[in-house]
**Q** 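Sending over a structure as structure tokens; questions will come in a sec.
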Amino acid sequence: MYLESLKGRDLLSIADMSSEELTYILELSLKFKRMYYDGYRAVPILANRVLALIFEKHSTRTRVSLQVAMHQLGGTSLYLSSQELQLARGEPIKDTARVLERYVDCIAARVYRHETLVELAKHSKIPVINALSDYEHPLQALADTMTIMEVKGSIRNLKIAFLGDGSDNVLHSLILAIAKLGGTIYVATPPGYDPSREILSIANEDAQKSGATIAVVRDPIEAVTHADVVYTDVWVSMGQEKEREKRVRDLGNYQVGKELVSHAKKDYIFMHCLPAHRGEEVTDEVIESSNSVVWLQAENRLHTSKAVLASLIK
Ligand code: CP
Ligand code: NVA
């Protein structure tokens, strides 16, 4: 049932997976969801395994979905706020890694600097999962693509429009996933907020094989016209609070509101990783509309978390 190539591996970026591995994880997530609805919540394949969660930032969905997923797979999890670990008193991350690998079977970490994850992974033999960094949020992209597949049937031939901060962590992972799965993604963002060049270059390489299209534009209407999916994320991510005023000013024209979504297809879906700031990147009217699938998207974090844990943990 499990793909041997994924066992023991880290998941720091969507780029860590091949298109086949990504498709496999998404199919497994759908299987876990079907089993859940058929009454099989507990699938004890990770009995006696322990997941450690090291969180430097707040979380609702990521923390809860990983902990519940681990529990339903028969294992257990430890939530470790970085403030309560010796890390906060200066113990190096590489020492923390070499100690934790002797107790637990997997680490999920939410960090400010992506390099912290790289360091953690370098110094531990157990799988390290990116639970969000300043650069990527791969677990979110898995739930996002699963949701699109569930609602729209496939990613291929779909137009996805992302509005707002083009350098957003959630968007980076989404671009990489869409590039592997052969979709079309239009990012509408102002100058100075373009996606990372490295992300675009990896995505464009994948796009050549999958037939995907990745476009960065300035005009929100161009991105949203005939879109099947309209996606946005907050303008001020965790750790960017000092830039709030500038960001809200720069991104103000990219709010997802009723007029803008009138350019999308009639049956478009609205997506947001949550938490949302109503009145900033999206209006209350759009997020509460019948086109919005944000709760389904959040729900799918549980099933994708299960697929990741079941696939990576030995
Ligand atoms: N979308 C997401 O990762 O939510 P949390 O910050 O609540 O984990
Ligand atoms: N871009 C947001 C995502 C939160 C899930 C942040 O990093 O704060």
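Residue numbers run from 1 in the order of the sequence given. Order of listing sets the numbers, starting from 1, for every ligand and every atom in it.
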**Q** To check your reading of the model: name the closest protein heavy atom to atom 8 (O) of ligand 2, its residue, and the distance in Å.
**A**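 Checking every protein heavy atom, the shortest distance to atom 8 (O) of ligand 2 gives M238 N, 2.8 Å.
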**Q** OH of Y186: more than 12 outside heavy atoms within 6.0 angstrom?
**A**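 Atom OH in Y186 is not crowded, with 12 or fewer foreign heavy atoms closer than 6.0 Å.
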**Q** Heavy-atom pairs closer than 4.0 Å: do any link ligand 2 to the side chain of D134, the backbone, both, or neither?
**A**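 The answer is neither; D134 stays 4.0 Å or more away.
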**Q** Under 4.0 Å from a heavy atom of D168: which atoms of ligand 2 are those, numbered in the order shown and with their elements?
**A**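 Under 4.0 Å from D168, ligand 2 has these atoms: 1 (N).
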**Q** Give a yes or no on whether a salt bridge exists between R244 and E280, defined as a side-chain N under 4.0 angstrom from a carboxylate O.
**A**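 Here R244 pairs with E280 in a salt bridge, since their nearest N and O are under 4.0 Å apart.
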**Q** Show which atoms of ligand 1 fall inside a sub-4.0 Å distance from at least one heavy-atom site of C273.
**A**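 Close to C273: 1 (N).
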**Q** Starting from atom 7 (O) of ligand 2, locate the nearest protein heavy atom and write down its residue, its atom name and how far away it is, to 0.1 Å.
**A**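 Residue, atom and distance for the closest contact: N169 ND2, 2.8 Å.
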**Q** Check this for me: does any side-chain nitrogen of one of K209 and D206 sit under 4.0 Å from a carboxylate oxygen of the other?
**A**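 Judged by the 4.0 Å cut-off on N to carboxylate O distance, K209 and D206 do form a salt bridge.
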**Q** Pull out every atom of ligand 2 sitting under 4.0 Å from any heavy atom of L274, numbered as shown with elements.
**A**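 Answer, ordered by atom number: 5 (C).
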**Q** Please write down residue, atom name and distance for the protein heavy atom closest to atom 7 (O) of ligand 1.
**A**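 Going atom by atom, the protein heavy atom closest to atom 7 (O) of ligand 1 ends up being T60 N, 2.6 Å.
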**Q** Between NZ of K180 and CD1 of I175, what distance do you get to the nearest 0.5 Å?
**A**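 Rounded to the nearest 0.5 Å, the NZ-CD1 separation comes out at 13.5 Å.
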**Q** Do me a favour and list the nearest non-hydrogen protein atom to atom 4 (C) of ligand 2 with residue, atom name and distance?
**A**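 The closest heavy atom on the protein side is L132 CD1, 3.8 Å.
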**Q** Could you tell me which atoms of ligand 1, counted from 1 in the order shown, lie closer than 4.0 angstrom to a heavy atom of L274?
**A**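 Those of ligand 1 that fall under 4.0 Å from L274 are 1 (N), 2 (C), 4 (O).
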**Q** Check whether any N or O atom of K57, backbone or side chain, sits under 3.5 Å from an N or O atom of ligand 2, and answer yes or no.
**A**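 Among all N and O atoms of K57, none is under 3.5 Å from an N or O of ligand 2.
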**Q** Does Y79 have R63 sitting over its ring (NZ/CZ under 6.0 Å from centre, angle to axis within 45°)?
**A**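 Judged by the rule, R63 and Y79 form a cation-pi pair.
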**Q** Could you work out, for atom 3 (O) of ligand 1, the closest of H137, H272, R61 by heavy-atom distance?
**A**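 Looking at heavy atoms only, H137 sits closest to atom 3 (O) of ligand 1.
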**Q** Between D105 and K125, does at least one N-O distance fall below 4.0 Å, as a salt bridge requires?
**A**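 Result for this pair is no, no salt bridge flagged.
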**Q** Taking the basic N atoms (NZ, or NE/NH1/NH2) and the acidic carboxylate oxygens, is any pair closer than 4.0 Å for R278 and D284?
**A**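 Salt bridge present between R278 and D284.
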**Q** Please work out, at 4.0 Å between heavy atoms, whether the side chain, the backbone, both, or neither of R110 comes within that distance of ligand 1.
**A**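 Under 4.0 Å from ligand 1, R110 contributes side-chain atoms alone.
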**Q** Is any side-chain N of the basic residue among K94 and E119 closer than 4.0 Å to the acidic one's carboxylate O?
**A**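 Answer for the salt bridge query: no.
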**Q** Say whether R110, considering both its backbone and side-chain N or O atoms, lies within less than 3.5 Å of an N or O atom on ligand 2.
**A**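 There is no such contact.
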**Q** Can you tell me if K57 contacts ligand 1 (heavy atom of the residue under 4.0 Å from the ligand)?
**A**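 Outside the 4.0 Å threshold, so no.
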**Q** Would you mind checking if K246 and D250 are paired as a salt bridge, meaning a charged N to carboxylate O distance below 4.0 Å?
**A**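 Yes, charged N to carboxylate O under 4.0 Å.
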**Q** In terms of side-chain geometry, is the basic nitrogen of R247 or D165 positioned less than 4.0 Å from the acidic oxygen of its partner?
**A**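 Judged by the 4.0 Å cut-off on N to carboxylate O distance, R247 and D165 do form a salt bridge.
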**Q** How does L132 reach ligand 1, by side chain, by backbone, by both or by neither, if only non-hydrogen atoms under 4.0 Å count?
**A**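 Looking at L132 and ligand 1, no heavy atom falls under 4.0 Å.
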**Q** Going only through I, L, V, M, F, W and Y residues with side-chain contacts under 4.5 Å, is there a path from Y254 to Y268?
**A**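 Hydrophobic grouping puts Y254 with Y268.
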**Q** Considering only the protein, which heavy-atom contact is closest to atom 3 (C) of ligand 2, and what is its distance?
**A**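 Heavy-atom neighbour on the protein nearest atom 3 (C) of ligand 2: D233 OD2, 3.6 Å.
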**Q** When you compare ligand 2 with V170, is there at least one nitrogen or oxygen pair between them that comes in under 3.5 angstrom?
**A**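 V170 vs ligand 2: no N/O contact under 3.5 Å.
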**Q** Can you find an N/O atom of R301 closer than 3.5 Å to an N/O atom of ligand 1?
**A**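 Such a contact does occur with ligand 1.
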